[in-house]
Amino acid sequence: TSGYAFGFGFYPTDSASAGVTIQTKGTTTTGLSIAQQSSPTGTNYGLNALLGSINAATNIAVNGQSEDATGVNIGVRGRVSNNTNAGSSINAGVYGLNDPRLNYSGHGGLFISQQNNASFVFTSVDFIGVEGISLGGTNVGNTGLKSIGGKFSALNGQTDIAILVPSTDNTGNVVIGADTSSANNSTVEVTGNIELIAIGNGFIVKSPDGTRWKFTPTNSGAWTSVSV
């Protein structure tokens, strides 16, 4: 239509539920399929959702909900595959960007795992906020390949913290190398060895008067300490 830059448009007014509803029946497995048949340049969107209501308590551009599958339930799934061009600067199945223009705390990604049935007692279920898995490659020639389950960076802040486990609202432990914890709250529990690679690095602890002490070994293995 002249004056508009889209092929198809809906303008629902005062809809009680949704402007458009797609309900599949029978053996249909895909409610909406979007395919591109040309090669435009720039940024291409299979699905672009924009909400900007200043009166709404919550704006959600894309809402995914999945339930009652016998195997796996996934609310939103993203997949990236390069078949023609080699890897670009970013390849991400799901990409989240927080672009604040006001003074508030923002999250590039916010993940919450919670019990949604107060009357049900869970005995063998783990609630995991974020889980990262890297499977790497199966080709034995991948000698330079690194498989990293999680990578975190912090840049350009007044204080840069790559990983933060706050004490104000956290009563759990940091556990490395085990699936369970036997320590008290707010404890780092390690199953295995701790190795400091660089020469001169050590452990820094505080004495009762608040002095910070750095402990490092000598060539004979004896511990030395110096205030820092």
Roughly how far apart are [X] [atom1] and [Y] [atom2], rounded to 0.5 Å?
X: T216; Y: I199; atom1: OG1; atom2: CD1; value: 11.5 Å
X: E131; Y: S113; atom1: CD; atom2: OG; value: 10.5 Å
X: I34; Y: L32; atom1: CD1; atom2: CG; value: 4.5 Å
X: S153; Y: I163; atom1: OG; atom2: CD1; value: 9.5 Å
X: K206; Y: W213; atom1: NZ; atom2: CH2; value: 14.0 Å
X: N63; Y: T58; atom1: CG; atom2: OG1; value: 11.0 Å

Can you establish whether the number of heavy atoms outside [X] located under 6.0 Å from its atom [atom1] is more than 12?
X: L155; atom1: CG; result: yes
X: N219; atom1: CG; result: no
X: N201; atom1: CG; result: yes

So, does [X] use its side chain to make a donor-acceptor pair with the main chain of [Y] at under 3.5 Å?
X: D160; Y: G157; result: yes
X: S227; Y: R212; result: no
X: N98; Y: G109; result: no

Do [X] and [Y] come close enough that some side-chain heavy atom pair is under 4.5 Å?
X: I128; Y: F111; result: no
X: F215; Y: V205; result: yes
X: N59; Y: S53; result: yes
X: T30; Y: T28; result: no
X: V190; Y: V188; result: yes

Would you say the side-chain atoms of D209 and T211 include a donor-acceptor pair closer than 3.5 Å? yes

Do T224 and T218 meet the criterion of a side-chain donor-acceptor pair at a distance under 3.5 Å? no

Taking all non-hydrogen atoms of both residues, which atom of [X] and which atom of [Y] are closest, and how far apart?
X: G78; Y: V94; answer: N-CG2, 4.1 Å
X: T191; Y: A178; answer: OG1-CB, 3.5 Å
X: A61; Y: A49; answer: O-CB, 3.4 Å
X: I148; Y: S134; answer: O-CB, 3.2 Å

Test of understanding: clusters of I, L, V, M, F, W, Y form through side-chain heavy atoms closer than 4.5 Å, transitively. Do [X] and [Y] belong to the same one?
X: I194; Y: V174; result: yes
X: L110; Y: Y104; result: no
X: W223; Y: L196; result: yes
X: I22; Y: L47; result: yes

Kindly indicate, with the supporting measurements, whether the criterion side-chain contact (heavy atoms from CB on, under 4.5 Å) is fulfilled by I176 and E189. CA-CA 6 Å; I176 301 174; E189 187 176 0; over 6 Å; no

What's the verdict on side-chain contact (heavy atoms from CB on, under 4.5 Å) for V228 and I204, showing C-alpha distance, side-chain angles and the deciding distance? CA-CA 8 Å; V228 293; I204 299 177; 4.1 Å; yes

Please identify each residue that fulfils side-chain contact (heavy atoms from CB on, under 4.5 Å) with D99, with sequence neighbours left out. R101

